[in-house]
Amino acid sequence: MNPSRRRLVLRLIVTVGLLVLGVVIGLIFQNVWLGVLLAAIVWIGWFLGYESRRGHNAGVNDEDHGIEL
């Protein structure tokens, strides 16, 4: 499996997993939309960190480009 396809599969697995986890948490709190919202917030953080690490920009603090995740 080539690397770009593997990244796509990983993104899809994490996205679906977080969505399912959000629905389960929402059912526990008796508010599915709250669970989906929490899952979306966690997914955005994961996605930014994943793409930053993949682009070798994790922890970069270059004054010319500002602070990057």
Side-chain angles (χ1 to χ4, degrees):
M1 186 180 301
N2 62 12
S4 64
R5 186 174 175 110
R6 189 177 350 177
R7 284 192 303 265
L8 176 65
V9 169
L10 177 64
R11 284 186 213 153
L12 287 175
I13 289 172
V14 170
T15 300
V16 170
L18 283 174
L19 183 62
V20 168
L21 184 65
V23 169
V24 170
I25 289 173
L27 288 172
I28 291 171
F29 287 138
Q30 297 179 350
N31 188 346
V32 175
W33 290 113
L34 176 64
V36 171
L37 178 66
L38 291 174
I41 291 170
V42 169
W43 180 83
I44 289 171
W46 170 83
F47 184 73
L48 289 174
Y50 176 77
E51 290 297 321
S52 177
R53 184 177 61 235
R54 189 175 71 91
H56 306 292
N57 292 328
V60 172
N61 187 7
D62 185 6
E63 292 180 7
D64 294 335
H65 294 74
I67 297 175
E68 299 175 0
L69 179 63

Shortest non-hydrogen contact from G22 to A39?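 Distance-wise, the nearest heavy atoms are CA-CB, 3.8 Å.
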Geometric class of the W43/W46 ring pair [parallel <30°, tilted 30-60°, perpendicular >60°]: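 It falls in the tilted class, 30° to 60°.
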Spatial distance of atom CG (L37) from atom CG (N31) [nearest 0.5 Å]: 9.5 Å
Does [X] share a hydrophobic cluster with [Y], counting links as ILVMFWY side-chain heavy atoms below 4.5 Å and allowing steps through other members?
X	Y	value
I25	L34	yes
L10	I44	yes
V20	L18	no
F47	V42	yes

Mind checking what makes ring-ring contact (aromatic ring centres under 6.0 Å, His included) contact with F29, not counting sequence neighbours?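 Checked F29 against ring-ring contact (aromatic ring centres under 6.0 Å, His included); zero matches.
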Is any side-chain heavy atom of Y50 less than 4.5 Å from a side-chain heavy atom of V14? no
Looking at residues at least two apart in the chain, or sitting in another chain, which of them share a side-chain contact (heavy atoms from CB on, under 4.5 Å) with V32?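 Listed in chain order: V23, L27, V36.
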